[in-house]
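Reading through the structure tokens given below for one structure.
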Amino acid sequence: MEPVIRVEDFCKTYRNGTMEVRAVRGVSLDIFPGEFVAIMGSSGSGKSTLMNTIGCLDRPTSGRYLLDGVDIGRLNRDQLADLRNRKLGFVFQGFNLLSRTTALENVELPMLYSRPLLPAREQNQRAMKALELVGLRDRTDHHPNQLSGGQQQRVAVARALVNHPKVLLADEPTGNLDTRTSIELMGVFQTLNDQGITIVMVTHEMDIASYSKRKIVMRDGMIRSDEAVARRLHAPDELTKLEAEQKAIQLT
Ligand code: ADP
């Protein structure tokens with residue numbers, strides 16, 4: 001099997017005047033279809049820099065990055081944007097939804113930028129299907145301010161899925177969510193991953209990383225460890241436990 005993401009000896013150096021920051025210093029990484037990877041590490045360890053490159057938002061100073069077999073170093077700006085739009089879906093900490101448009105319209109948005117343009121009816125059907133996947137079939141006409149944080153993040157996940165990407169990239173997706181809602185979102189991720197979607201997620205929360213299958217820890221711009229998650233958590237079990245705990249608290 002070919003890796004969907006291949007990073008080879010990736011280095012990124014930022015230069016501000018005479019200051020030089022070596023944000024990432026020699027990272028090599030293969031991610032295969034069907035993986036669910038969590039990238040961890042303290043602030044400043046280079047997670048965002050690595051994610052920005054994987055997300056085709058930035059290019060390496062040296063080294064190579066191949067997305068689904070395509071060397072991004074050989075692409076011009078438009079080709080890079082096109083590749084990003086076809087192969088990747090993004091979920092951010094702050095949801096990044098448009099506030100004056102419905103959930104359905106938010107999910108349809110990425111299709112407005114994809115070529116060839118799909119007929120309106122197919123756009124609508126695809127968006128409905130994506131919302132159904134994340135359990136929001138009955139909220140399609142709601143505006144973001146009529147939805148809870150967890151529901152807004154589900155809309156963002158549906159939006160990320162609507163172009164049928166190879167990889168879902170999530171940057172601190174539970175950063176603005178409470179414990180229960182975070183576990184629910186990890187349940188959505190696990191279900192999507194079981195259906196074959198590759199997921200790469202940055203998180204600084206140990207327990208959130210435990211829902212993934214593989215944990216990579218970065219330090220000082222390098223990979224410090226890269227291992228399978230030993231005791232993987234399953235969202236439905238954790239939600240049951242959480243409910244039992246909350247009931248016990250109410251009884252005492
Ligand atoms: P993390 O996401 O793990 O917090 P980053 O990738 O954001 O780490 O940052 C790694 C290092 O690179 C940090 O020292 C940070 O200050 C520096 N850095 C990140 N982006 C820039 C930039 N645009 N210009 C200069 N330095 C940067």
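In listed order, ligands and their atoms are each counted from 1.
In summary, of the residues considered (L88, I197, D68), a side chain to side chain contact (heavy atoms under 4.5 Å, CB included) with V167 occurs for L88 alone.
Screening residues 201-214 for salt bridge (charged side-chain N to carboxylate O under 4.0 Å, His left out), with sequence neighbours left out, gives E35-R214, R214-D226.
Residues K241 and E238 are paired through a salt bridge, judged by an N-O separation under 4.0 Å between the basic side chain and the carboxylate. Taking 4.0 Å as the cut-off between side-chain N and carboxylate O, E243 and K247 do not count as a salt-bridged pair.
Residues satisfying the side-chain contact (heavy atoms from CB on, under 4.5 Å) criterion with F92, sequence neighbours excluded, are F90, N96. For R121, there are no salt bridge (Lys or Arg N to Asp or Glu O under 4.0 Å) partners at least two apart in sequence or on another chain.
Within 4.0 Å of ligand 1, protein heavy atoms come from Y14, N16, V21, A23, S42, S43, G44, S45, G46, K47, S48, T49.
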